[in-house]
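Since the structure comes first, as structure tokens, the remarks are kept for the end.
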2 protein chains.
Amino acid sequence: MARSSPNIREVAVRAGVSVGTVSNVLNRPELVAEQTRERVHAAITALGFVRNDSARQLRVGQSRTIGLVVLDVANPFFTDVARGVEDLANRHGLAVILCNSDENPQKEASNLDLLAEMRVQGVLINPVDESDGRVAALRERGTPVVLFDRCGDPVNECSVAVDDLLGGRLAAQHLIDSGHRAILFVGGPATLQQVRERHDGALNAVLTSDADVDLRVLATPALNVAAGRAAGDEIAAMSASELPSAVFCANDMLALGVLQALTYAGLRVPQDLAIVGYDDIDFAAAAAVPLTSVRQPRQLLGRTAAELLLAETTEVDHEHQQVVFEPELVVRDSSRASR
Amino acid sequence: MARSSPNIREVAVRAGVSVGTVSNVLNRPELVAEQTRERVHAAITALGFVRNDSARQLRVGQSRTIGLVVLDVANPFFTDVARGVEDLANRHGLAVILCNSDENPQKEASNLDLLAEMRVQGVLINPVDESDGRVAALRERGTPVVLFDRCGDPVNECSVAVDDLLGGRLAAQHLIDSGHRAILFVGGPATLQQVRERHDGALNAVLTSDADVDLRVLATPALNVAAGRAAGDEIAAMSASELPSAVFCANDMLALGVLQALTYAGLRVPQDLAIVGYDDIDFAAAAAVPLTSVRQPRQLLGRTAAELLLAETTEVDHEHQQVVFEPELVVRDSSRASR
DNA sequence: TCCTTCACATGAAACGATTCATCTCTCCGG
DNA sequence: CCGGAGAGATGAATCGTTTCATGTGAAGGA
């Protein structure tokens with residue numbers, strides 16, 4: 001094995017200066033005379049010195065990373081959000097640790113524990129359910145936590161969300177306007193605030209409609225393509241009387257799964273069954289039947305969440321904010337009455 | 001601001017024991033008597049103590065994380081690989097830091113610098129180009145580095161790859177067998193080994209074919225949907241004599257982009273132009289025209305890479321290995337002569 | 001009674017960087 | 001020639017753990 005990294009002392013010896021000076025070269029180079037600086041840099045490259053971040057962090061008490069906990073890395077919605085977060089973080093010299101909770105409270109908890117031990121500067125999280133106290137504990141210890149893609153408590157926390165009630169209403173209203181009277185909402189688990197609100201928004205549209213519309217719910221265990229396929233199979237197996245005329249899925253991954261299963265079962269979209277998704281991920285437009293979806297400003301969501309987090313870490317007396325963006329319905333073939 | 005976290009000493013005082021004992025409760029609980037252990041645990045929860053990982057790491061000299069550097073987090077291929085890595089890492093109590101190089105050598109370099117400062121246990125990387133020495137430096141400092149999705153130097157490093165030459169050949173052979181005589185390879189940048197080898201494999205098939213096949217190249221700046229759309233626009237603008245009869249894309253993201261642009265321009269797939277992609281991401285099967293693609297064992301790739309990394313960190317005298325998986329052609333509508 | 005074990009518990013010495021009060025020069029004005 | 005200012009350099013103290021050699025007290029055997 002190669003011997004371990006040289007430390008700052010060895011660099012100091014080699015450059016013929018004190019350790020304090022080496023540290024200054026690293027952190028406040030303007031305090032060091034130019035020739036000394038050069039000598040130190042030469043020593044650093046000669047020895048292949050790499051600063052030990054844990055020592056630095058221990059002394060300074062602050063890390064240079066933020067944590068981002070998402071429900072599903074495989075969902076392009078979240079990777080787009082992550083890109084927004086990363087953009088802003090990198091610009092401020094911060095690294096992003098991307099964690100995956102898989103919609104699983106236990107994985108979420110262990111991720112949060114890890115981030116807490118790391119003393120990250122802050123955490124962005126789309127929580128699986130009502131927090132188990134870990135988020136509150138983190139905040140109490142002085143680590144800012146910003147919720148994204150869901151609303152938070154205005155007094156205690158910042159949050160960035162997209163109006164899911166409105167999104168749900170837009171989707172359902174569109175289906176009602178297109179003549180659908182039997183709509184099936186596909187989504188779950190209900191612990192996710194997004195799922196509940198998208199459903200409630202749809203319900204809202206149904207209740208305020210003059211028409212007599214039936215809204216039912218098909219619960220799924222997760223929001224991914226596999227769960228969508230399973231739901232699609234269930235739908236395809238329904239009797240003619242049960243069969244809805246339109247399906248509103250809580251996100252696009254589900255919708256793509258449903259679409260695949262329905263097509264496989266010989267049902268035509270949109271002629272036999274219309275589908276509306278949610279998120280408008282890039283793949284929605286490229287699907288077998290281009291998917292009608294509710295578009296959210298994904299990168300902007302991430303960037304804004306990161307901005308709020310940074311504000312909370314730097315501002316002296318910080319006012320918690322709730323930012324809410326408006327979603328937008330994008331109509332494509334999967335819900336068009338006729339082509 | 002809430003005062004900072006209590007430390008192990010405060011816990012010790014509260015529990016009426018020494019700091020060494022608290023540390024033992026945390027790390028080797030079997031060494032401490034049950035009632036003491038309980039007292040310490042009570043103190044820990046009462047104070048809300050969270051272990052400071054930088055101090056731990058500084059002392060131990062080892063972190064409990066590994067780094068994973070991918071070309072593009074937005075590409076489902078890499079998130080699937082990441083899931084495989086994560087699975088195995090979590091099972092060994094390790095956390096994964098997911099970094100994004102965006103096919104950009106500078107971002108890659110700064111990510112590697114960061115991981116080096118963090119003293120990660122190891123790094124899994126799909127390098128952008130021939131290494132700039134940073135990988136070698138990392139390895140020299142004692143941090144194992146495993147390459148994935150590309151072959152490495154058998155003497156110095158472990159790697160896990162899928163046979164891209166074979167994959168390229170399979171794709172091209174399939175097109176040749178389907179009667180195509182003018183094939184366009186779409187991909188880039190050429191610094192990526194994957195791109196070069198997939199092309200070379202295709203070229204190989206063309207050269208060994210009895211038929212008189214023309215293989216041209218359309219270089220793209222990246223391997224994402226946007227680059228694919230741009231390439232598609234270029235193809236759609238070609239004169240009848242230039243127009244190929246089939247397109248082989250270096251990955252599915254490109255292929256989906258090309259498909260979108262061609263469809264938009266009024267060209268029919270596969271009647272006017274066949275398309276073959278690479279990776280067989282989940283969205284390939286769900287595309288407007290289900291995409292023929294070369295399937296790679298994505299999760300397995302990640303898991304195996306992580307296994308090799310762990311082996312390298314634990315085994316005393318470690319033999320570097322080159323694992324190579326075989327890809328598989330999945331034929332779908334986008335390259336079928338007639339439906 | 002004495003000695004040996006055994007089971008815990010202890011606390012001081014690292015780990016490697018940062019920080020800051022202190023020191024050393026050099027230069028310049030009077 | 002002296003005093004003071006200012007620019008750089010210094011090095012000891014510090015951050016919070018882990019580790020390990022050492023200490024203590026009780027139990028058991030001779």
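Chain identifiers are assigned alphabetically (A, B, ...) following the order of the sequence lines, protein sequences preceding nucleic acid strands; residue numbering begins at 1 within each chain.
Here the C1' atom of nucleotide C:dC15 and the CD1 atom of A:I8 are 14 Å apart, to the nearest Å. Counting to the nearest Å, the C1' atom of D:dC20 and the CG atom of B:L31 are 12 Å from each other. Between the CZ atom of B:R28 and the C1' atom of C:dA9 there is a distance of 13 Å, rounded to whole Å. Between the CD atom of A:E10 and the P atom of C:dG16 there is a distance of 8 Å, given to the nearest Å. Between the CD atom of B:E30 and the P atom of C:dA9 there is a distance of 13 Å, rounded to whole Å. In this structure, A:N27 atom CG and C:dC20 atom P are separated by 12 Å, rounded to whole Å. Note: CG (A:N7) to P (C:dA14) measures 14 Å, nearest angstrom. The CZ-P distance, from B:R39 to C:dC8, rounds to 13 Å in whole Å.
Atom CG of B:L71 sits about 11.0 Å away from atom CG of B:N104, to the nearest 0.5 Å.
Comparing atom distances between the A:N24 side chain and each of C:dG16, D:dT17, C:dT19 picks out C:dT19 as nearest. Checked against C:dT10, D:dT10, C:dT18, the side chain of B:S18 finds its nearest nucleotide in C:dT10. Closest to the side chain of A:S23, from the set C:dT18, D:dT18, D:dG16, is C:dT18. In the set D:dT17, D:dT19, D:dG8, the nucleotide with an atom closest to the side chain of B:F49 is D:dT17. With C:dA17, D:dT17, C:dT18 as the choices, the nucleotide that has an atom nearest any side-chain atom of B:R9 turns out to be D:dT17. Picking from C:dT18, D:dA9, C:dA12 the nucleotide with the shortest atom distance to the side chain of B:V19 gives C:dA12. For A:V60, taking side-chain heavy atoms from C-beta onward, the closest of the listed nucleotides D:dG16, D:dT19, C:dT18 is C:dT18.
Looking only at atom types and distance, the side chain of B:Q194 has a donor-acceptor partner in the side chain of B:D149 under 3.5 Å away.
Of the two residues near DNA chain D, A:T21 and A:L58, the one whose nearest nucleotide lies more 5' is A:T21. Along DNA chain C, the nucleotide nearest to A:V50 and the one nearest to B:E34 differ in position, and the one closer to the 5' end is contacted by B:E34.
B:R119 comes within 4.0 angstrom of nothing in the nucleic acid, heavy atoms only. A:T36 comes within 4.0 angstrom of sugar-phosphate atoms only, judged by non-hydrogen atoms across all strands, and of no base. Residue B:R37 is classed as having no contact, given no heavy-atom separation below 4.0 Å to the nucleic acid. Within the 4.0 angstrom heavy-atom criterion, base atoms lie near A:G20. Within the 4.0 angstrom heavy-atom criterion, no nucleotide atom of any strand lies near A:D53. Among the heavy atoms of the strands lying under 4.0 Å from A:V17 are primed sugar atoms or P, OP1, OP2 only; no base atom is included.
We find that B:R51 and A:D113 are not joined by a salt bridge, their nearest charged nitrogen and carboxylate oxygen being 4.0 Å or further apart. Using a 4.0 Å cut-off between a side-chain N of Lys or Arg and a carboxylate O of Asp or Glu, B:D87 and B:R303 do not qualify as a salt bridge. Salt bridge status for B:R56 with B:D53: present, with a side-chain N to carboxylate O gap under 4.0 Å. Using a 4.0 Å cut-off between charged nitrogen and carboxylate oxygen, B:D129 and B:R150 do not count as a salt-bridge pair.
Evaluation of atom-type donor-acceptor distances gives no pair under 3.5 Å for the side chain of B:R59 against the base of D:dT17.
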